[in-house]
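Scope of the values below: all heavy atoms of this structure, side chains included, with no hydrogens, waters or symmetry mates.
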Amino acid sequence: MNALKASGILWLVGALFGISATVVFRTELVPWVATFIAGLAAVGLGVQFVRGRGTGIEAWSGVLGLAWAALYGVLAVAQVQDPYALLTDVGVGLIGAGAAVAGARSARRAA
């Protein structure tokens, strides 16, 4: 499997976990909307990568990866008193970071 498809699969897995956790557990409006929008962006990017249409959009993987890590980092800090929420946010954040790294690797190989 090439790095582009690996990045796409990781973005789809991250989106699945992120949206699922949002729908099931989040109750506050701002985190709910932010994580849902981030999940939808991850789905869009993941589908493009899996379909092999990554040319020119690999940079967006890095942009989304930074935003994803920042979002889930802030959520982890805000929910530090709940170990389950903390672990969920850290885990979902790491999946997005891994997807961004795989996207960067695919861009490097294409260059």
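Under the 4.5 Å side-chain heavy-atom criterion for grouping Ile, Leu, Val, Met, Phe, Trp and Tyr, Val74 is not connected to Ile95 through any hydrophobic cluster. Val24 is not connected to Val33 by any chain of hydrophobic side-chain contacts under 4.5 Å among Ile, Leu, Val, Met, Phe, Trp and Tyr, and they are in different clusters. Linking ILVMFWY residues whenever their side-chain heavy atoms come closer than 4.5 Å, directly or via other members, leaves Leu16 and Val92 in distinct clusters. Taken together through direct or relayed side-chain contacts under 4.5 Å among Ile, Leu, Val, Met, Phe, Trp and Tyr, Phe49 and Val47 form part of one hydrophobic cluster. Note on Leu64 and Trp60: same hydrophobic cluster, where clusters join Ile, Leu, Val, Met, Phe, Trp and Tyr whose side-chain heavy atoms are under 4.5 Å apart, directly or indirectly.
Leu94 forms part of a hydrophobic cluster together with Val80, Leu86, Val90, judged by ILVMFWY side-chain heavy-atom separations under 4.5 Å.
Each of Val101, Leu66, Leu45 was evaluated against Ser61; a single residue qualifies, Leu45, per the side chain to side chain contact (heavy atoms under 4.5 Å, CB included) test. Considering Val30, Leu75, Val23 as possible partners of Thr35, the one that fulfils the side chain to side chain contact (heavy atoms under 4.5 Å, CB included) test is Leu75.
Atom-to-atom distance recorded for Leu87:CG and Asp82:CG is 9.0 Å, nearest 0.5 angstrom. Between atom CD1 of residue Ile19 and atom CZ of residue Arg26 there is a gap of 12.0 Å, rounded to the nearest 0.5 Å.
Heavy-atom neighbours of Gln81 CD from other residues, nucleotides or ligands within 6.0 Å: above the threshold of 12.
Listed by chain and number, the residues in a side chain to side chain donor-acceptor pair (under 3.5 Å) with Thr88 amount to none (sequence neighbours excluded).
Annotation: ring pair (Phe, Tyr, Trp, His ring centres under 6.0 Å) contacts involving residues 7-30, sequence neighbours excluded, comprise Trp11-Trp68.
In this structure, the side chain of Ser7 does not engage the main chain of Ala3 through any donor-acceptor pair within 3.5 Å.
Considering every non-hydrogen atom in both Ala38 and Leu71, the closest pair reads CB-CD2, 3.9 Å. Residues Ala99 and Leu10 approach most closely at CB-CB, 3.5 Å, considering heavy atoms.
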